[in-house]
Structures are given as structure tokens and as C-alpha cells.
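These figures come from a predicted structure and were not determined experimentally.
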Amino acid sequence: MEKFEISVTQKGQQHHFEIRDYMHHKEDQCKYEVYRDGQFIASFEPGSHRMLNICKDPGVVPEDLLYLIAEQLESYHI
């Protein structure tokens, strides 16, 4: 597992997240987990055309913020 941080801006507000990348993920496990201040926010899995799909969403943050996180992760070409 690799950890790194990302930031996204939504409506002029900066949001910081810790990403846990499970490089050797299996089909029954999400590849990326997202945390803010130690709280689980969501997880993502690779989808078609190098796009990420939401894997688990406990509803902690609005869905449009999750899409911004996914776009940021996709921009890394990972």
C-alpha cells in the first residue's frame, strides 16, 4: 500500500485528502481509499477508459466532491 495526499478545490474551498493506493488490489477490493483527518470518505476502483468508479460511498461528503477527487486521481494517469 502506498499513501499520498491530494487537494481539490470546490466552490473556492480547498479540501485535502489522504489516498491509500492498493497497487496489488483484487477484484473484491477497491484500489483507492480516500481519508480526511483519518475518517474514511470513499473508495474507487478502475473502470473503463482509465476512469475511476466509486466503489464505496458512506455519504460523508457530497457526490460532486467525490467526482473531483476521482478527476484528480485520474490526472495522475494511475
Applying the 4.5 Å side-chain criterion to the ILVMFWY set and letting contacts propagate, would Leu52 and Phe4 be lumped into a single cluster?
yes

Taking all non-hydrogen atoms of both residues, which atom of Cys55 and which atom of Glu45 are closest, and how far apart?
SG-OE1, 3.8 Å

Just wondering, do Thr9 and Leu68 contact through their side chains at under 4.5 Å, heavy atoms?
no

Under 4.5 Å between side-chain heavy atoms, hopping through other hydrophobics if needed: is there a path connecting Tyr35 to Leu73?
no

Can you hop from Phe40 to Phe17 via hydrophobic side chains spaced under 4.5 Å?
no

Tell me yes or no: between the side chains of Glu63 and Tyr67, is some donor less than 3.5 Å from an acceptor?
yes

Atom CG of Asp37 with >12 non-hydrogen neighbours under 6.0 angstrom:
no

How many angstroms lie between CD1 in Ile41 and CD1 in Ile69, if you round to the nearest 0.5 Å?
7.0 Å

To the nearest 0.5 Å, what is the distance between CG on Asp64 and NZ on Lys11?
6.0 Å

For residues Cys30 and Ser43, report the shortest heavy-atom separation together with the two atoms involved.
SG-OG, 3.2 Å

Answer yes or no: is there a donor N or O on one side and an acceptor on the other, between the side chain of Glu18 and the main chain of Gly38, under 3.5 Å?
no

Closest contact, heavy atoms only, Phe44 versus Ala70
CE2-CB, 3.7 Å

Test item: Val61 and His15 side chains (from C-beta on) under 4.5 Å apart, heavy atoms:
no

Nearest heavy-atom neighbours spanning Glu74 and Met51:
OE2-CA, 3.2 Å

Are the charged groups of Asp21 and Lys3 less than 4.0 angstrom apart, N to O?
no

